[in-house]
2 protein chains.
Amino acid sequence: MPTIRDVARYAQVSVGTVSNVLNGSTLVKDETRQRVLMAIEALNYHPTAAARSLSTQRTNTIGMIRSEIRLQGNLIETDPMVLDLIDGITSAAISSSTGLTFWAIPAGEREMALYKQLVTSRQIDGLILFALREKDPRVAYLREQEFPFVIFGRFESDEGDNWIDVDGAAGIEAAVRHLAELGHHRIAYLSPPHEQYLTGLRWQGFVKGMSDMNVPIDPALIYEGDFNEKSGQLGTHYFLDQPNPPTAIFCNNDRMAFGAMRAIQARGLVVGQDVSVVGFDDVSLARYSNPPLTTISQPIHHIGRALFDLLINLINQQPIDLLGGKLLKPELIIRQSTGMPR
Amino acid sequence: MPTIRDVARYAQVSVGTVSNVLNGSTLVKDETRQRVLMAIEALNYHPTAAARSLSTQRTNTIGMIRSEIRLQGNLIETDPMVLDLIDGITSAAISSSTGLTFWAIPAGEREMALYKQLVTSRQIDGLILFALREKDPRVAYLREQEFPFVIFGRFESDEGDNWIDVDGAAGIEAAVRHLAELGHHRIAYLSPPHEQYLTGLRWQGFVKGMSDMNVPIDPALIYEGDFNEKSGQLGTHYFLDQPNPPTAIFCNNDRMAFGAMRAIQARGLVVGQDVSVVGFDDVSLARYSNPPLTTISQPIHHIGRALFDLLINLINQQPIDLLGGKLLKPELIIRQSTGMPR
DNA sequence: TACTTAAATTGAACCGGTTCAATTAGGTAT
DNA sequence: ATACCTAATTGAACCGGTTCAATTTAAGTA
């Protein structure tokens, strides 16, 4: 493998000049630049990433870590939504030749060790966090280390300027309004796991929506799910076993909504007639489920891109342009899983 | 940030000794090791990844690149299956403190440029390829460069020992047998895009299954899809518009199968009674669709782990243990989307 | 006590880039 | 011809690890 010194020798210039050519400095005479470029071509030279990183202190890599969370022993599978997020991030990353590196690790002690490792060994220039938990230790640590990071979601009273979120509460309010206007008075709530930070925010939206529409909240119609289909199914059976079952179920993600629809159908009931179901996320399948799912859509691909841009600005210590605001409005997509109660 | 020289000074040893301690060499006296470890602790020292990479020529990072393919102008969205693959890879990677770096780039010229960049700049130690296309230029290039890579899938007559695949043809044969045994004589085939290498292999399985069961193949019942729900829907409408429509549709992934079910239901027909549907992949939603989808299951999480182990062995030039064979048997999961024809 | 051998430690050289103070080349004004 | 200024180029020092031949220390043996 040729090094920069080989190129310098071949082109009969110094290594400094080659470096200047590589980094687009304007200091180099055109004729010299040509000679260097020809040498690079002739030797098929490519700068080594590690050497460059060592002297520039930049890796051109950002990181993302999935916390493997287990509830009652079973792994919470990754939401298809995350894949869309990854898609958005990587499609923005490619244009600034930055890579996205992934790790997956069980939440807990080893998780913090990984974060510390990455930060102190400078393997990455910045981090994208998502699915924050209550009193998430990761945020405290990264802040303390002044390590660049952005969050998909909010954390503790919206402080900081390094997050982008969807106003889930507003989305849920809209969903509740939609259900109430259809005539539903018994609306069940399939909650996210209580560890998640967003759980509180979402709940506020539900409470506000219910109170605005004068629908009473029945504690018997609340169930804590874990974002998997299975818990949507379990929660729904629990609801329908109540003496006074709900006519509508709001689910905090689409996967639980799919599980809910399945449970309703397993009892010989019709989704959208006997029981209405609303989801959250609008994953690509929501449009194709049977019946098509009414759900709250978030512009996840756009969010991925925006998070990336925000992080890069943070890393470069450039002024932050929030690209249309940090709190994005979600949109209620009405399909056939909701209808008037019988 | 402290460097290895700071640690050496603090512990009153040489940098060589510190390095030996860091790398678990047995040459260091226990007492010295303790002193060094205390110094590391006291200074909160962590080796810099870039410096280490520069001298070891290893990055402890492997790469994966998603080819953004457009058909008739629209992007083929990433399959949820890929997320499971990533999950499997990263869960294996974490135990050897290796990261997985992800890029997404449109197939074509820029794509090859990215591969060349990564290989020659040694940003990664190895690559995981998937969704190979006919005469895929990536394989030729990587082979020529002798760069370590493994493939999820096969390529050109199974040559090489760096791939792991599911025997999709066998899976399809089983699916066709299942349908024929139920009494179906008109079985439609929703094909993968023709550019994909697996398209040929899968087709062979379909042909063999049909011929074994003495079911004729009708050219009017073949449609080329693109793995998205939409094309499943379009293909199904095309099939059902035929003068002599099929009673069963085999779809080459679950997403197209979901689209197919939707199209069938949109015409007031009942899936599993009027028209049976079989998918491929067994994504987590398949169990929760309405009706639950009969599909071919591949152990994708296991495959991710196996691909990682294989790649690491390749990188370390260690003998390859194929962990239970390179061609894995898929399993037909029979659910309610298939039944006897009316 | 001297000699041999094994164990532990040392530190300069190296990996391959970037940076910047110092130097040289080229051009213009006096 | 000389002084002066700007543009272009140079190359040693640096980034922070690993490696290994050379050296020192400790243990074992006669």
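Sequence lines set the chain letters: A, B, ... in the order given, protein chains first and strands last, and positions in each chain run from 1.
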Identify which nucleotide among [options] has an atom closest to any side-chain atom of [X], counting heavy atoms from C-beta outward.
X       : options                : answer
B:Thr3  : C:dG17, D:dG17, D:dT18 : D:dG17
A:Ser19 : C:dT19, D:dC15, C:dG16 : C:dT19
A:Gln57 : D:dT18, C:dA8, D:dC15  : D:dC15
A:Ser55 : C:dG17, D:dT9, D:dT18  : C:dG17
A:Asn23 : D:dT10, C:dT18, C:dG16 : C:dT18

- request: To the nearest 0.5 Å, tell me how far A:Phe152 CZ sits from A:Met81 CE.
  value: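 Result: 5.5 Å between the selected atoms.
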message: Between A:Arg5 and C:dG17, is there a contact of a side-chain N or O with OP1 or OP2 at under 4.0 Å?
response: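 Checking C:dG17 against A:Arg5, no side-chain N or O comes under 4.0 Å of OP1 or OP2.
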- request: Check whether any side-chain nitrogen or oxygen of B:Ser14 sits under 4.0 Å from OP1 or OP2 of C:dG11, and answer yes or no.
  value: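 For C:dG11, OP1/OP2 do not have a side-chain N/O of B:Ser14 under 4.0 Å.
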How close or far is atom [atom2] of [N] from atom [atom1] of [X], stated in whole angstroms?
X       : N      : atom1 : atom2 : answer
A:Leu54 : D:dA13 : CG    : P     : 17 Å
A:Arg9  : D:dT10 : CZ    : C1'   : 15 Å
A:Leu27 : C:dT23 : CG    : C1'   : 15 Å
B:Leu22 : D:dT19 : CG    : P     : 11 Å
B:Arg35 : C:dA8  : CZ    : P     : 14 Å
A:Glu31 : C:dG26 : CD    : C1'   : 13 Å

Beyond-backbone contact of B:Leu83 with B:Pro80, side-chain heavy atoms, under 4.5 angstrom: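 A side-chain contact is absent here, since even the closest heavy-atom pair is not under 4.5 Å.
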message: Whether A:Glu111 and A:Arg133 form a salt bridge (side-chain N of Lys/Arg under 4.0 Å from carboxylate O of Asp/Glu) is what I want to check.
response: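 Here A:Arg133 pairs with A:Glu111 in a salt bridge, since their nearest N and O are under 4.0 Å apart.
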Under 3.5 Å, side chain of [X] to main-chain N/O of [Y], donor-acceptor pair present?
X        : Y        : value
A:Ser121 : A:Gln117 : yes
B:Thr98  : B:Ser96  : yes
B:Asp136 : B:Arg138 : yes

Reading 5' to 3' through nucleotides 20-26 of chain D, protein heavy-atom contacts under 4.0 Å coded B for base, S for sugar-phosphate only, - for none: -------
query: So, B:Asn162 versus B:Arg143: side-chain donor-acceptor pair below 3.5 Å or not?
result: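 No, no side-chain donor-acceptor pair sits under 3.5 Å.
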Any side-chain donor near an acceptor of the partner, B:Thr90 and A:Arg66, under 3.5 Å: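 The answer is no; no qualifying pair exists.
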- prompt: When we call it a touch if two heavy atoms are under 4.0 Å apart, what does B:Thr48 touch: a base, just sugar-phosphate, or nothing?
  reply: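 Since only primed, P, OP1 and OP2 atoms lie under 4.0 Å of B:Thr48, the category is sugar-phosphate.
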query: Heavy atoms under 4.0 Å, any strand shown: does A:Thr32 hit a base, just sugar-phosphate, or nothing?
result: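 The residue A:Thr32 makes sugar-phosphate contact but no base contact.
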- prompt: What is the bend of the helix from C:dT1-D:dA30 to C:dT30-D:dA1 when you compare the axis at one end with the axis at the other, using five pairs each and rounding to 10°?
  reply: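 The end axes of the helix from C:dT1-D:dA30 to C:dT30-D:dA1 are about 50° apart, to the nearest 10°.
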field: Distance flag, aromatic centroids of A:Phe155 and A:Tyr197, threshold under 6.0 Å
entry: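 Here the rings of A:Phe155 and A:Tyr197 have centres that are less than 6.0 Å from each other.
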